[in-house]
Chemist: 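Here it is: the structure, laid out below.
FYI, the numbering just counts along the sequence from 1.
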Amino acid sequence: MDNNNWPESGDFVVCTVKNVVDFGAYTTLEEYGGKEGFIHISEIKAGWVKYVRDYVREGQKIVCKVLDVDPNRRHIDLSLKDVNEHQKRAKIQDWKNEQKAEKWLQFVAEDTKTSAEKMGEIRSIFMEEFGSCYTGFEEAAINGKEAFEGMAISKKLAAKIADIAQENIKLPFVDIAGYVDLTSNSPDGIDIIKKSLKSATKIKKDDDVRIDVTYTGAPRYRIKVIAPDYKTAEAVLKKAAEKAIDYIEKKEGKGIFHRHIESTKA
């Protein structure tokens, strides 16, 4: 960990209680190389505190809010009382996720025989581009190695990161599919159908929604939508199908949307 890396006022940090004294508690900051922080007794909880040990104990993991940082004195003032339960749970989860991501980066390094220096560069890219290492892996789980296009990450590393991400991250996404039958009697009918399908994938949508179109057998094409929830997925699927049908009908072709295809038995 960079010894010059310091938190900022207002940050939430994960701490381990190191020493409890009558006037407060000394802690080490887990995400900042074990730098020491101090919680004054007045910042333990709202109201009067008689015994600090009634609220914190040595070895306990806690979430604190940073009040003040003085790198010259190597001093960090913390507050425990300014952290609510929601903030505590969110911070602990983020911290655990980053620990997972660090292990995954180690797996990437071992599997690809990449140096620690190079992995440090990858870590820096993740922090700059995604805000955290875990978010970088999440993007890879969703978009594969394409998540790193335009970044200084080799194809070999990008592919391995994507593999590990997709093995370890269960995405909170749903996917649904519908079908469109598209026909055109125009001499350039094949080109018209291709453009109508392309228009379906170009509809306005959120960044976390993906549309895939595949051929299932003339004249039928499958539109698959991956989205955070069913409501969003259904709305996007409908828009995509309507866009494809609208395009082909303007070119004097025909289009029909099927949400489900009924199976037939002999």
Chemist: Can a side-chain donor-acceptor contact be found between S199 and S196 if the only test is distance below 3.5 angstrom?
Modeler: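 Note: S196 and S199 side chains miss the donor-acceptor criterion.
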Chemist: Do side-chain atoms of R210 reach the backbone of I142 as a donor and acceptor pair under 3.5 angstrom?
Modeler: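 Yes; at least one donor-acceptor contact below 3.5 Å.
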Chemist: Tell me the closest heavy-atom pair linking V174 and A233, and the distance in Å.
Modeler: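 Heavy atoms of V174 and A233 come nearest at CG2-CB, 4.3 Å.
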Chemist: Quick one: does P219's side chain get under 4.5 Å of L182's, heavy atoms only?
Modeler: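 Counting from C-beta outward, P219 and L182 never come under 4.5 Å.
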Chemist: Does S124 reach the main-chain N or O of G120 with its side chain, forming a donor-acceptor pair under 3.5 Å?
Modeler: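 Yes, because the side chain of S124 sits within donor-acceptor range (under 3.5 Å) of the backbone of G120.
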Chemist: Under 6.0 Å from the CG atom of N84, do we count more than 12 heavy atoms belonging to anything else shown?
Modeler: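 More than 12 heavy atoms, drawn from other residues, nucleotides or ligands, come within 6.0 Å of this atom.
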Chemist: Any chance the side chains of D77 and H40 put a donor and an acceptor closer than 3.5 Å?
Modeler: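 Judged by distance alone, the side chains do not pair up.
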Chemist: Just verifying a value: how many Å separate S79 OG and F12 CZ, rounded to the nearest 0.5 Å?
Modeler: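 Result: 9.5 Å between the selected atoms.
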Chemist: Determine, for D54 against K50, whether the closest basic-nitrogen to carboxylate-oxygen distance falls under 4.0 angstrom.
Modeler: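 Between K50 and D54 there is no salt bridge, as every charged N stays at least 4.0 Å from the carboxylate O atoms.
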Chemist: Would you mind reporting whether T28 and K35 have side-chain heavy atoms less than 4.5 Å apart?
Modeler: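 The answer is no, as the side chains (C-beta and beyond) never meet within the 4.5 Å cut-off.
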Chemist: Are the side chain of K81 and the backbone N or O of S42 linked by a donor-acceptor pair below 3.5 Å?
Modeler: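 Indeed, once roles are kept as given, a pair shorter than 3.5 Å links the two residues.
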Chemist: Is the shortest distance from a Lys or Arg side-chain nitrogen in K118 or E121 to a carboxylate oxygen in the other one below 4.0 Å?
Modeler: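 The answer is yes: the pair qualifies as a salt bridge.
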Chemist: Can you list the steps and then say if E234 with R259 is a salt bridge (Lys or Arg N to Asp or Glu O under 4.0 Å)?
Modeler: CA-CA 9 Å; E234 289 285 0; R259 178 60 181 88; 2.9 Å; yes
Chemist: Would you confirm whether N143, through its side chain, and E146, through its main-chain N or O, come within 3.5 Å as a donor-acceptor pair?
Modeler: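 Answer holds: no.
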Chemist: Side chains of K243 and I245, heavy atoms from C-beta outward: is any pair under 4.5 Å?
Modeler: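 A side-chain contact is absent here, since even the closest heavy-atom pair is not under 4.5 Å.
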Chemist: Could you tell me if S184 and S186 have a donor-acceptor pair between their side chains, going purely by distance under 3.5 Å?
Modeler: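 No - no donor-acceptor pair under 3.5 Å links their side chains.
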Chemist: Taking N168 for the side chain and I164 for the main chain, is one N or O donor matched with an acceptor at less than 3.5 Å?
Modeler: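 Flag set: sc N168 to bb I164 pair under 3.5 Å.
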Chemist: Would you indicate whether the side-chain heavy atoms of I193 and Y221 approach each other to under 4.5 Å?
Modeler: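 A side-chain contact exists here, since the closest heavy-atom pair is under 4.5 Å.
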Chemist: Determine the minimum heavy-atom distance between V209 and P228, stating which atoms define it.
Modeler: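 Of all heavy-atom pairs spanning V209 and P228, the closest is CG2-CD, 4.1 Å.
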Chemist: From D229 CG over to T232 OG1, what is the distance, rounded to the nearest 0.5 angstrom?
Modeler: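 Here the interatomic distance stands at 3.5 Å.
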Chemist: Test your reading of the model: is there a side-chain donor-acceptor pair from E98 to the backbone of C133, 3.5 Å cut-off?
Modeler: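 Here the side-chain-to-backbone pair exists.
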Chemist: To the closest 0.5 Å, what do you measure between CD1 (I153) and CD1 (I125)?
Modeler: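 If I round to the nearest 0.5 Å, the distance is 4.5 Å.
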Chemist: Going by heavy atoms in the side chains, are L197 and T201 under 4.5 Å from each other?
Modeler: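 Not touching, per the 4.5 Å side-chain cut-off.
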Chemist: Does V180 form a side chain to side chain contact (heavy atoms under 4.5 Å, CB included) with I223? I'd like the steps, not just the answer.
Modeler: CA-CA 8 Å; V180 286; I223 301 176; 4.0 Å; yes
Chemist: Find out if a path of hydrophobic residues (ILVMFWY) with successive side-chain heavy-atom gaps under 4.5 Å connects V69 to L80.
Modeler: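 Shared cluster, yes.
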Chemist: Is the number of heavy atoms from other residues, nucleotides or ligands within 6.0 Å of NZ (K145) greater than 12?
Modeler: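 No - once you tally the heavy atoms of other residues, nucleotides and ligands closer than 6.0 Å, there are 12 at most.
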Chemist: Counting heavy atoms not belonging to D22, are there more than 12 under 6.0 Å from its CG?
Modeler: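 Open: at most 12 neighbouring heavy atoms sit under 6.0 Å from CG of D22.
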Chemist: Give a yes or no on whether the backbone of L67 and the side-chain of S9 come within a donor-acceptor separation of less than 3.5 Å.
Modeler: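 It does hold such a pair.
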Chemist: Can you tell me if K91 has over 12 outside heavy atoms packed within less than 6.0 Å of its NZ?
Modeler: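 Yes, enclosed.
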Chemist: Please check if V20 and L78 belong to a single hydrophobic cluster, counting links between Ile, Leu, Val, Met, Phe, Trp and Tyr side chain heavy atoms closer than 4.5 Å.
Modeler: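 Yes, V20 and L78 fall within the same hydrophobic cluster.
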Chemist: So, for F137 and F126, is the gap between ring centers shorter than 6.0 Å?
Modeler: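 Distance test on ring centres: under 6.0 Å, yes.
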Chemist: Answer whether the closest heavy-atom distance between the side chains of K224 and D175 falls below 4.5 Å.
Modeler: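 A side-chain contact under 4.5 Å exists here.
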Chemist: Output, in order, the C-alpha distance, side-chain angles, deciding distance and verdict of side chain to side chain contact (heavy atoms under 4.5 Å, CB included) for Y55 and V49.
Modeler: CA-CA 9 Å; Y55 304 96; V49 173; 3.6 Å; yes
Chemist: Less than 4.0 angstrom from a charged side-chain N to a carboxylate O is my criterion; do D94 and K96 meet it?
Modeler: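 Salt bridge between D94 and K96, a charged N being under 4.0 Å from a carboxylate O: no.
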Chemist: Could you check whether any side-chain N or O of K18 sits under 3.5 Å from a backbone N or O of A25, counting only pairs where one atom can act as donor and the other as acceptor?
Modeler: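 No, K18 side chain to A25 backbone: no donor-acceptor pair under 3.5 Å.
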Chemist: Can you list the steps and then say if R222 with V213 is a side chain to side chain contact (heavy atoms under 4.5 Å, CB included)?
Modeler: CA-CA 6 Å; R222 181 172 181 260; V213 177; over 6 Å; no
Chemist: With a 4.5 Å limit on heavy-atom distance, are the side chains of F257 and E242 in contact?
Modeler: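 In short, these two side chains do not touch, never coming nearer than 4.5 Å.
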Chemist: Once you round to the nearest 0.5 Å, how far does CG of N19 lie from OH of Y26?
Modeler: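 That separation rounds to 8.0 Å.
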Chemist: Quick one: does any side-chain atom of T112 pair with a main-chain N or O of V108 as donor and acceptor, under 3.5 Å?
Modeler: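 Present.
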Chemist: Answer yes if I161 and F107 sit in the same cluster of Ile, Leu, Val, Met, Phe, Trp and Tyr residues linked by side chain heavy atoms under 4.5 Å apart, and no otherwise.
Modeler: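 Looking at the clustering, F107 is in the same group as I161.
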Chemist: If you measure from CH2 on W95 to CD on E31, what distance do you get to the nearest 0.5 Å?
Modeler: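 Here the rounded value is 8.0 Å.
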Chemist: Pick out which of D11, I39, L29 makes a side chain to side chain contact (heavy atoms under 4.5 Å, CB included) with I76.
Modeler: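 Only one option passes, and that is L29.
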Chemist: Should Y179 and Y247 be regarded as members of a common hydrophobic cluster, given that ILVMFWY residues are connected when their side-chain heavy atoms come within less than 4.5 Å of each other, either directly or indirectly?
Modeler: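 No, Y179 and Y247 fall in different hydrophobic clusters.
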Chemist: State, to 0.1 Å, how close A141 and I169 come at their nearest heavy-atom pair, and which atoms those are.
Modeler: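 Where A141 meets I169 most closely, the heavy atoms are CB-CB, 4.1 Å.
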Chemist: How far apart are the closest heavy atoms of G144 and A162, and which atoms are they?
Modeler: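 Distance-wise, the nearest heavy atoms are C-CB, 3.7 Å.
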Chemist: Is there a side-chain contact between Y32 and P7 (heavy atoms, below 4.5 Å)?
Modeler: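 Touching, per the 4.5 Å side-chain cut-off.
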Chemist: Group every Ile, Leu, Val, Met, Phe, Trp and Tyr by side-chain heavy-atom contacts under 4.5 Å, then state whether I192 and Y215 land in the same group.
Modeler: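 Per the 4.5 Å side-chain linkage, I192 and Y215 are co-clustered.
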Chemist: Nearest 0.5 Å please: distance from the CG atom of L157 over to the CG atom of D111.
Modeler: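 Rounded to the nearest 0.5 Å, the CG-CG separation comes out at 11.0 Å.
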Chemist: Looking at K205, I want to see if its NZ is surrounded by more than 12 non-hydrogen atoms of other residues, nucleotides or ligands under 6.0 Å.
Modeler: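 Atom NZ in K205 is packed in, count exceeds 12.
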Chemist: Kindly indicate, with the supporting measurements, whether the criterion side chain to side chain contact (heavy atoms under 4.5 Å, CB included) is fulfilled by I203 and I211.
Modeler: CA-CA 9 Å; I203 65 168; I211 301 173; 3.8 Å; yes
Chemist: Do the side chains of D70 and R74 get close enough for a salt bridge, i.e. N-O under 4.0 angstrom?
Modeler: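 Not counted as a salt bridge, because no side-chain N and carboxylate O are separated by less than 4.0 Å.
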Chemist: Under a 4.0 Å N-O cut-off, is there an ion pair linking E102 with R123?
Modeler: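 So E102 pairs with R123 through a salt bridge.
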Chemist: Between the side chains of T16 and K61, does any donor sit under 3.5 Å from an acceptor?
Modeler: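 Side chains of T16 and K61: pair found under 3.5 Å.
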